[in-house]
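Side chains are part of it too, since the values below use all heavy atoms of this structure and drop only hydrogens, waters and symmetry mates. Everything numeric here is computed off the predicted structure, so don't read it as measured data. Counting starts at 1 for both ligands and their atoms, in listed order.
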Amino acid sequence: MSSSTFTDYAISDPIIKAIDALEYNQPTPVQARVIPKVLEDKDVIVTSQTGSGKTASFAIPLCEKVDWLENKPQVLVLTPTRELAAQVSDEMKSIGRYKRVNSVAIYGRQSFMKQKTMLKQKTHIVVGTPGRVLDHIEKGTLSVECLKYVVLDEADEMLNMGFIDQVSAILDKLPTSRTTMLFSATFPADIEGLAKKYMINPERIQIETVGKAPQLITHHVMEVEEGSKLSLLSDVTVAENPDSCIIFCRTQERVKEVFQYLDERDYSADLLHGAMVQEDRFEVMDDFKRGEFRYLVATDVAARGIDVEDITLVINFDFPLEKEKYVHRTGRTGRAGKSGKAITFMTSYEQKFLEEIREYSQADIQLSNPPSVEEVKANRTAFQEKMEAPVVLREEKREKVNQDIMKLYFNGGKKKKIRAVDFVGTIAKLPGMSAQDIGIITIQDNHSYVEILNGKGPSVLKVLKNKSIKGKKLKVHEAKK
Ligand code: AMP
């Protein structure tokens with residue numbers, strides 16, 4: 001953490017209020033360096049790990065910078081994965097909550113039409129994966145004319161995943177007078193090319209050594225024969241008895257196999273891999289974040305950028321063959337100043353990759369013995385107790401920002417010629433209400449949603465049941481989420 005506070009920056013009260021509600025008490029080092037630059041509209045290249053608070057380092061100044069009155073998107077964030085797009089968009093909405101900043105996430109394998117409808121609403125910020133964003137730009141459903149800020153998040157991974165052409169095609173279509181921010185945990189040469197071509201005098205901000213694994217993690221490698229990995233997994237989980245653990249595997253088949261092994265032994269577990277439909281992927285991540293289950297078996301899909309609080313143990317069931325993957329996988333623990341442990345299973349064939357990973361990650365990776373029979377035995381009771389303990393759900397910090405918001409549903413929209421101002425006009429005039437108490441308004445063809453902030457939802461709902469909007473009597477009730 002740095003010694004400055006968020007109030008040192010030119011950030012307005014509604015944003016500060018959200019930062020407080022999220023319990024971000026002090027800027028992290030990356031935030032202390034990036035926020036002032038973005039507030040000055042400077043291009044930046046930031047080399048920083050996930051877990052360092054980098055999302056908020058751009059979300060805070062960008063929520064500050066957006067002009068609320070403008071209806072067309074002003075900020076575009078590109079991310080390599082759909083999960084990350086959803087997560088970044090949520091962070092934008094949380095930080096921009098009291099300024100009523102609307103952020104929309106768009107990505108593949110979700111209905112294009114649904115996204116088109118969302119983009120027709122007042123949208124300040126768009127977060128998406130490159131393919132789908134390009135698709136919307138080319139079809140004219142995402143307007144770029146007012147875009148002033150572009151963020152390339154996890155840029156190295158976007159390039160690794162082969163998105164370079166799409167990223168370039170998108171950048172070619174954007175207004176040239178803009179601020180461009182590039183974030184990357186690692187810094188391969190192609191990023192230089194991208195920076196040279198699309199950025200103006202970028203300031204380089206390097207928070208940690210390239211690829212450096214976070215400090216608060218202890219790193220262990222255990223030698224194992226391929227055929228003994230499952231029994232080693234069993235011993236390690238008993239000996240470590242983690243509250244929350246991710247187990248990384250190389251392939252989907254392997255994920256299923258490991259999950260099945262744990263499931264048969266009544267572990268509180270679930271699985272995540274790229275072939276699952278998007279809704280299921282989100283559901284699994286959300287359940288894991290809330291603490292509904294303790295062991296997540298995943299392919300590298302889950303390794304990038306995903307922010308789950310309090311993961312105490314990462315197990316590399318399959319050795320990561322790319323050095324970057326080691327850093328990203330183990331970076332799922334030891335987040336936001338907490339400590340964690342990473343245990344990597346290594347077969348004799350894989351030994352030759354270890355030195356390279358050590359050098360790249362700069363982590364002190366210790367060769368450790370598997371847990372002894374005595375150790376496993378001694379921990380068995382505690383392990384069993386935790387297995388049988390009732391689930392304690394975590395309250396997500398974001399939920400705190402949302403708790404005093406009520407979303408109202410109205411059975412009228414565009415077809416009844418209702419516009420956002422009609423809601424604002426009626427609601428802001430109610431006793432004890434002002435425009436500041438109204439959140440995001442969404443008008444669709446036949447219905448509309450209006451968020452009421454600051455805990456005033458129930459009283460507003462009561463009064464509106466007997467009021468008309470633009471002379472029309474609409475049915476109103478609390479919206480189902
Ligand atoms: P990121 O690096 O963006 O993935 O963020 C890692 C985690 O740090 C997230 O859970 C954030 O909610 C949290 N975070 C971000 N900024 C701060 C801050 N200034 N103080 C405490 N936690 C923070």
Task: CG on L159 to CD1 on I164, rounded to 0.5 Å - done: 4.5 Å
Open item on the list: Would E23 count as being in polar contact with ligand 1, using the rule that some N or O on each side must be under 3.5 angstrom apart?
Closed with: no
Task: Euclidean distance, F58 CZ relative to F183 CZ, rounded to 0.5 Å - done: 6.0 Å
- [ ] Below 4.0 angstrom from a heavy atom of T28, which ligand 1 atoms are there? Numbered from 1 as shown, please.
- [x] 17 (C), 18 (C), 19 (N)
Open item on the list: Could you check, using the six-membered ring where one of them is a Trp, whether F248 and Y326 have ring centers closer than 6.0 angstrom?
Closed with: no
Open item on the list: Using a 4.0 Å cut-off to any heavy atom of Q31, which atoms of ligand 1 qualify?
Closed with: 15 (C), 16 (N), 17 (C), 18 (C), 19 (N)
Open item on the list: At under 4.0 Å between heavy atoms, is it the side chain or the backbone of F183 that contacts ligand 1, or both, or neither?
Closed with: neither
Task: ligand 1 N/O within reach of E91 N/O, cut-off under 3.5 Å - done: no
Open item on the list: Check this for me - ligand 1, T55, N or O atoms closer than 3.5 angstrom, yes or no?
Closed with: yes
- [ ] Before signing off on this row, confirm whether G53 and ligand 1 have an N or O atom pair separated by under 3.5 Å.
- [x] yes
Task: E350/R250 ion pair, N-O < 4.0 Å - done: yes
Task: Donor on one side chain, acceptor on other, N102 and K122, under 3.5 Å - done: no
Task: Numbered atoms and elements of ligand 1 in range of S52, under 4.0 angstrom, heavy atoms - done: 2 (O)
Open item on the list: Using a 4.0 Å cutoff against the non-hydrogen atoms of Q26, which atoms of ligand 1 qualify?
Closed with: 18 (C), 19 (N), 20 (N)
